Amino acid sequence: MEEERLVTQVTPKSEDFSRWYLDLIRRTELADYAPMKGMMVIRPYGYAIWENIQRLLDERIKASGHVNAYFPLFIPEGFLRKEMEHLQGFAPEVAWVTQGGADELEERLAVRPTSEAIIGFMYSKWVKSWRDLPVLINQWANVVRWEKVTRPFLRTTEFLWQEGHTVHETYDEAQAETLRILDMYRQFVETELAIPVLYGRKTEQEKFAGALATYAIEALMSDGKALQMGTSHNLGQHFARVFNIRFEDHNQSLQYAWQTSWGVSTRLIGALVMAHGDDSGLVFPPAVAPFQVVIIPISIGNWKENTLPRAVELRSRLERVGIRVFLDDRSEYTPGWKFSEWEMRGVPLRLEIGPRDVKNNQAVAVRRDNKEKLIVSLDGVEAKIKGILDGIQASLFDKALAFQKENTCQVSSYQEFKSVIENKRGFVQAFWCGSEECEARIKEETMATIRVIPLEEEKNQKGKCIFCQKEAGTLAVFARSY
RNA sequence: CGGGGAGUGGCGCAGCCUGGCUAGCGCGCCUGCCUUGGGAGCAGGAGGUCGUCGGUUCAAAUCCGAUCUCCCCGACCA
């Protein structure tokens, strides 16, 4: 009880999840509101997480044969108009540049909401032969979507992301790439962010505007709502046909190319907050935490002479083995204040060093995830800390997985479906006949949408549609979502 | 974009209905002393043209209008 009162500037999570989320983000300095609608500043503590995400994901992107490039921020209106479904999907949220300096532009420029159009145009110039394929390019960029409703990290007018854009000879290759990336995202999110995901195909209603098929990873936040964390699209030949991306194949026949695109965004930071955070604040998995360890010297007596040097030494020992450490040697705050502060900021492991510890050649380690306290000898401390951090990473995932399992259920009647969505939330598996009407009516009546049709469920399933009772071959996963 | 709520020092709020003298309070911040193993104490101090623009009035945080931003609930979305 007393402990929960420590963080007085943040609404408790159990009391009001939405306010907890917003309070926490500002109080811990992940982000702050900018004065323009829907825009935010990602502050250094939040941006550090993005840099870790970038570094770790970029490694995976490159390891799978992709290279980085950069395309223009602006897209001529005519380019967006080429693919009708794409245009219709994005038109309501495109920001336009109509003027350059004092002169009105002849053709207005879209601030990219996504880059398929401009990249499609460039690819048509670069792809001529089967020997040019595959093209495997990724870009790290910002995009702008003029959304009606915004929320820090989850949906902002401008956001940062990576978008991969590939070109292939055949449908099969494009489809293989689409699924390979989906799996890469799954592994990345589960390994580095410690968030378990469901993955599968999106319905026609939910797919990317202009794609043949969209696949996504979806995770459950701790309020029981789902969050789409990444998407991978098989674009088919839609963009190739309108941008004329053609190549001569092995038989000297001219073919339209097959494409994919895929992305994850700064939304992942919001997911970290909502998936792992608790009443004491943020809880970051060590893999992406801005600081993995915070060292707090216990300031008693002439601690600057006796204790601080040991803390400094400990910091360099840990840094030498690649651990991100912050030594909080500020004398204006008490140790107790620092404990709470760094707990709120989600640092995975706290190391306390006081006179007792100096005498015994040890430190007191306190895990953020379970508040467990343990004495760690400074002999071989590097390996021990690494071991603890690995343990935290693993147990955060296990905890989130247990939560996901507890909050996933299969229902067989519409009554049950409505009751679970209304009261317990979480993922709800139910048979669906495949009709858009049933999907739409369910959404209208329950606010739940089909998050994914799990890959392994796509075949060999038989049941009755939860809504219309007709024969259904698809076991879909429904949830209310962000 | 529709419905509702809200903008007052960094944060959380009071004051507004019923206009009036120096715009208050808690936390935070600054200085000093003293403390420091779970958000210490005392003393002194700084900081606000009350979101913005306009109107009414002798006089506006307060009344009226417009506008910007935030939050909640819906329609749209990474």
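Because the structure is a prediction, the values reported are computed rather than measured. Chain identifiers are assigned alphabetically (A, B, ...) following the order of the sequence lines, protein sequences preceding nucleic acid strands; residue numbering begins at 1 within each chain.
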Practice item. Tell me what Leu268(A) touches on the nucleic acid: a base, only sugar-phosphate, or nothing, going by heavy atoms under 4.0 Å. Key: nothing
Check your understanding: Quick check: are there more than 12 heavy atoms from other residues, nucleotides or ligands sitting under 6.0 Å from CZ of Arg441(A)?
Key -> no
Practice item. Would you please confirm or rule out a distance under 4.0 Å between OP1 or OP2 of C71(B) and any side-chain N or O of Tyr33(A)? Key: yes
Exercise for review: Could you check whether Pro92(A) gets within reach of a base, just the sugar-phosphate, or nothing at all, counting any heavy atom under 4.0 Å?
Suggested key: nothing
Review point. Under a 3.5 Å cutoff on both atom distances, Watson-Crick or G-U, what's the dot-bracket for RNA chain B ([ ] crossing, | other strand)?
Key: ((((((((.[[[[.)....(...]]]].(((((.......))))).....[[[[[..)....]]]]])))))))....
Check your understanding: With a 4.0 Å cut-off on heavy atoms, is Met229(A) in touch with a base, just the backbone sugar-phosphate, or nothing at all?
Key -> nothing
Check your understanding: Which part of the nucleic acid, if any, lies within reach of Thr231(A) when heavy atoms closer than 4.0 Å are counted: base, sugar-phosphate only, or nothing?
Key -> nothing
Check your understanding: Contact class for Arg330(A) (heavy atom, under 4.0 Å): base, sugar-phosphate, or nothing?
Key -> nothing
Exercise for review: Give Val149(A) one of three labels, base, sugar-phosphate or nothing, depending on what nucleic acid heavy atoms sit under 4.0 Å from its own.
Suggested key: base
Check your understanding: Reckon Arg267(A) has a side-chain N or O less than 4.0 Å from the OP1 or OP2 of C77(B)?
Key -> no
Study note, to complete from the structure: Within residues 352-364 of chain A, those residues having any heavy atom closer than 4.0 Å to RNA chain B are Glu352(A), Gly354(A), Pro355(A), Arg356(A), Asp357(A), Val364(A)
Review point. Using a cut-off of 4.0 Å on non-hydrogen atoms, how would the nucleic acid contact of Ser481(A) be classed: base, sugar-phosphate, or nothing?
Key: nothing
Study note, to complete from the structure: Within residues 68-77 of chain A, those residues having any heavy atom closer than 4.0 Å to RNA chain B are none
Check your understanding: Starting at CG of Asp23(A) and ending at P of C72(B), how long is that distance when rounded to a whole Å?
Key -> 11 Å
**Study point:** Contact summary for Ala209(A) and Gly89(A), nearest pair of heavy atoms
**Key:** CB-CA, 3.7 Å
**Study point:** Residue met sooner reading RNA chain B from 5', once Trp303(A) and Thr266(A) are mapped to nucleotides
**Key:** Trp303(A)
Point to revise | Glu305(A) to Pro309(A) - nearest heavy-atom pair and separation | key: O-CG, 3.3 Å
Point to revise | Under 4.0 angstrom between Tyr333(A) side-chain N/O and G28(B) OP1 or OP2 | key: no
